[in-house]
Amino acid sequence: MAVRIEQNESIAIVTMSRPEAFNAFNTEQLRSLRDAVAEVTADREVRAVVLTGEGRRAFASGADIKEMSTMRPSEGLVFGQLGQSVTAAIEASPQPWIAAINGYALGGGCEMALACDIRLASENAVIGQPEVTLGILPGWGATQRLPRLIGAGLASELILTGQRLNADEAQRVGLVNAVYPQDDLLPKAIEMAKAIAANAPLAISASKRAILLSRDVDLTTGLAYEAQTFGLLFDSDDQKAGMTAFLEKRTAEFQGK
Ligand code: CO8
């Protein structure tokens with residue numbers, strides 16, 4: 001199976017598995033990831049998702065260079081749109097996604113991580129956008145998401161030089177939040193996912209949406225959206241459950257309603 005989904009309590013772990021090519025995305029692998037994203041997104045039992053790569057060396061080494069090497073413009077467009085539909089689906093998912101970057105995250109691999117809400121890395125991670133060294137540009141969102149994450153100057157340097165960052169450099173520029181030894185990465189990502197999953201699901205997905213919106217709108221519009229959403233959450237059972245539990249000095253059980 002090219003993309004595996006495992007359930008761990010209310011967490012889904014999605015593993016991109018094409019180890020013979022460092023988990024590179026050919027069309028089949030992209031479709032498998034698209035289907036996996038759709039499956040976990042539709043599963044109301046899943047409250048947070050960890051995305052990682054098979055093995056100890058790669059998260060994903062990017063789009064499949066062999067498959068791309070013979071593409072004509074129309075095929076490149078379709079391939080680009082397919083990859084963009086996956087990154088868009090990760091962002092549109094109500095659950096937060098944590099990328100556990102366990103090795104190479106290059107090109108499209110980095111772009112999948114950029115579509116996630118939070119990025120953690122192993123000490124051996126190598127992250128970059130080497131597309132211009134291949135005569136193309138990042139096609140699954142890095143020209144748009146990377147500048148929004150780390151600023152236009154640093155994003156330009158990474159994309160235009162094709163330079164690869166090690167884990168510490170990636171953390172320094174804010175591309176990843178934390179760096180762990182390889183064996184600790186997945187447990188740490190799962191721990192963070194479970195901490196998120198213990199919170200109110202509607203509040204989590206509303207927060208995710210508002211944070212994503214902050215990239216695209218001015219402050220006044222964003223604050224108006226925040227206030228509207230804040231008000232709407234008072235119509236949820238979870239708001240009553242959370243505040244009642246606080247007042248009764250116990251832990252809340254959230255139903256996502
Ligand atoms: N595509 C296809 N095969 C790959 C890829 C890849 N991206 N990466 C690795 N492989 C394969 C190798 O060809 C090799 O296969 P084989 O054993 O059959 O020769 C196998 O994986 C192992 O690779 P290496 O022998 O090269 O292993 P190393 O440890 O020496 O190096 C690296 C590992 C550093 C990951 C190296 O393989 C590498 O640099 N790979 C390419 C990384 C890259 O440039 N990625 C960006 C690709 S472009 C992209 O992602 C664009 C996204 C947007 C597309 C939009 C389309 C319109």
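Every number for a ligand or one of its atoms is a count from 1 in the order of the listing.
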Inset, instruction - Taking the side chain as every heavy atom from C-beta outward, state whether Lys208 and Ser93 have any pair of such atoms under 4.5 Å apart. - result: yes
Inset, instruction - Compute whether any side-chain donor of one residue and acceptor of the other, for Asn8 and Lys194, lie under 3.5 angstrom apart. - result: yes
Legend entry - Residue pairs fulfilling ring pair (Phe, Tyr, Trp, His ring centres under 6.0 Å) with at least one residue in residues 119-171, sequence neighbours excluded: Phe25-Trp140, Phe79-Trp140
Legend entry - Pairing of Glu91 and Arg145 as salt bridge, 4.0 angstrom limit: yes
Inset, instruction - Could you tell me whether the side chain of Thr143 and the main chain of Pro138 form a donor-acceptor pair under 3.5 Å? - result: no
Contact table, ligand 1 N/O with protein N/O, distance under 3.5 Å:
residue: ligand 1; atom: 1 (N); partner: Ile65; partner atom: N; Å: 2.9
residue: ligand 1; atom: 7 (N); partner: Ser61; partner atom: O; Å: 3.2
residue: ligand 1; atom: 7 (N); partner: Ala63; partner atom: O; Å: 3.0
residue: ligand 1; atom: 8 (N); partner: Ser61; partner atom: OG; Å: 2.9
residue: ligand 1; atom: 29 (O); partner: Arg57; partner atom: NH2; Å: 3.0
residue: ligand 1; atom: 39 (O); partner: Arg164; partner atom: NH1; Å: 3.3
residue: ligand 1; atom: 45 (N); partner: Ser61; partner atom: O; Å: 2.8
residue: ligand 1; atom: 50 (O); partner: Ala63; partner atom: N; Å: 2.7
residue: ligand 1; atom: 50 (O); partner: Gly108; partner atom: N; Å: 2.8

Legend entry - CD on Glu253 to CG on Asp237, rounded to 0.5 Å: 13.5 Å
